[in-house]
Protein chains: 2
Amino acid sequence: MSVPDLPTMCAALSDPTRWEILTRLGQGAMSASALARVLPVSRQAIGKHLEVLREVGLVESEQRGREVVYLVVGARLSSLARELDRIGRSWETRLLRIKQLAEQPDQDPPPRP
Amino acid sequence: MSVPDLPTMCAALSDPTRWEILTRLGQGAMSASALARVLPVSRQAIGKHLEVLREVGLVESEQRGREVVYLVVGARLSSLARELDRIGRSWETRLLRIKQLAEQPDQDPPPRP
DNA sequence: TCGATGTGCAACTAGACGATTGCACATCAC
DNA sequence: GTGATGTGCAATCGTCTAGTTGCACATCGA
């Protein structure tokens, strides 16, 4: 499975129920049925959410007897965070440079295209 | 305007067209019409995307003559990244602790609730 | 002044998405 | 064995959303 792009990763994190699921899994591995018992949605809905999270690598599944338990992958979220931070910083520095150029317009005028 | 929650922030970042818009704005301020000229969607669609991005604080608008130009707010993305990283790390450490407990089960048994 | 350009608002459409119910099948415990 | 529990797949439904077109109005430049 390849690394999902940023919009896909963010789409997986754009649903409150999925955050609820991730938070529960952050406490320890759980099955879809166990999650459905503590969350106000059906097991099938939970299953679909888990599939979305699994596709982007935010959770992993593990067969335990007849149960399938899911574990959250914290490193995945951290790597996404690093990427977002890198982009945000590049925007900040770019904006800063533009502002600095605006403050000294006669020092080094940009070439006319 | 209050700080949007994580799912709302991620929802704003879950659309490829919005990432395209943010990337363009990362190069410098642009108006909705200017964006519509370089992107394969209508100006109205661009306007809706900009409204979504403005609501979560990822862009700011500025009246320049008859135009309304938009600027990307890199700091907003960076703060989101910090929050995601904090959560991801907490999941990682929790998982690590569970694994360590599993390796030495007779050393310090957890109290029964 | 007048055309070109930019913006705002409204109505509409097609598709994605979250959630449900129902059923079939596997597996564990007594 | 038998009931209870867990999983998988399919069909369905209502809502949200990204996109469109159309029109009215404001503003800039020649």
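Just so it is clear, the values below take in all heavy atoms, side chains as well, and ignore hydrogens, waters and symmetry mates. Naming convention: chains lettered A, B, ... in sequence-line order (proteins, then strands); numbering from 1 in each chain.
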Could you tell me the separation between the CG atom of A:Asp15 and the C1' atom of C:dA16, rounded to a whole number of Å?
13 Å
Could you tell me the separation between the NZ atom of A:Lys48 and the P atom of D:dG8, rounded to a whole number of Å?
14 Å
Quick one: is A:Ser33 getting a side-chain N or O under 4.0 Å of the D:dT7 phosphate, OP1 or OP2?
yes
Quick one: CG on A:Leu53 to CE on A:Met9, what's the gap to the nearest 0.5 Å?
9.5 Å
To the nearest angstrom, the CZ-C1' distance between A:Arg43 and C:dA24 comes to 11 Å
For D:dG19, does either OP1 or OP2 sit under 4.0 Å from a side-chain N or O belonging to B:Thr17?
yes
Check whether any side-chain nitrogen or oxygen of A:His49 sits under 4.0 Å from OP1 or OP2 of C:dA19, and answer yes or no.
yes
Could you state the interatomic distance from CG (A:Leu58) to CD1 (A:Ile21), rounded to the nearest 0.5 Å?
11.5 Å
Round to a whole Å and report the spacing from CG of B:Leu53 to P of D:dT17.
14 Å
In this structure, how many angstroms lie between the P atom of D:dT5 and the CZ atom of A:Arg37, rounded?
9 Å
Have a look at B:Gly47 and say if it touches a base, only the backbone sugar-phosphate, or nothing, with a 4.0 Å heavy-atom cut-off.
nothing
I need the CZ-C1' distance between B:Arg54 and C:dG8, as an integer number of Å.
13 Å
Spacing of CG belonging to A:Leu35 relative to CZ belonging to A:Arg43, to within rounding of 0.5 Å:
12.0 Å
What's the closest nucleotide to the side chain of A:Val41 if the choices are D:dT7, C:dG8, C:dA19?
C:dA19
Look at the side chain of B:Arg66 and decide which nucleotide, out of D:dT27, D:dG19, C:dA26, has an atom nearest to it.
D:dT27
Taking CG from A:Leu50 and P from C:dA19, how many angstroms apart are they, rounded to a whole number?
12 Å
So, OP1 or OP2 of C:dA19: does either fall under 4.0 Å of a side-chain N or O from A:Ser42?
no
Using a cut-off of 6.0 Å, state whether more than 12 heavy atoms not belonging to B:Glu60 lie near its atom CD.
no
Would B:Glu51 and B:Arg54 pass as an ion pair if we require N to O under 4.0 Å?
yes
How is B:Arg64 classified with respect to the nucleic acid when contacts are heavy atoms under 4.0 Å: base, sugar-phosphate, or nothing?
nothing
Atom-pair distance (CD on A:Glu20; P on C:dG18), nearest Å
16 Å
On DNA chain C, does the nearest nucleotide to A:Gln44 precede the nearest nucleotide to A:Arg18 from the 5' side, or the other way round? Give the residue.
A:Arg18
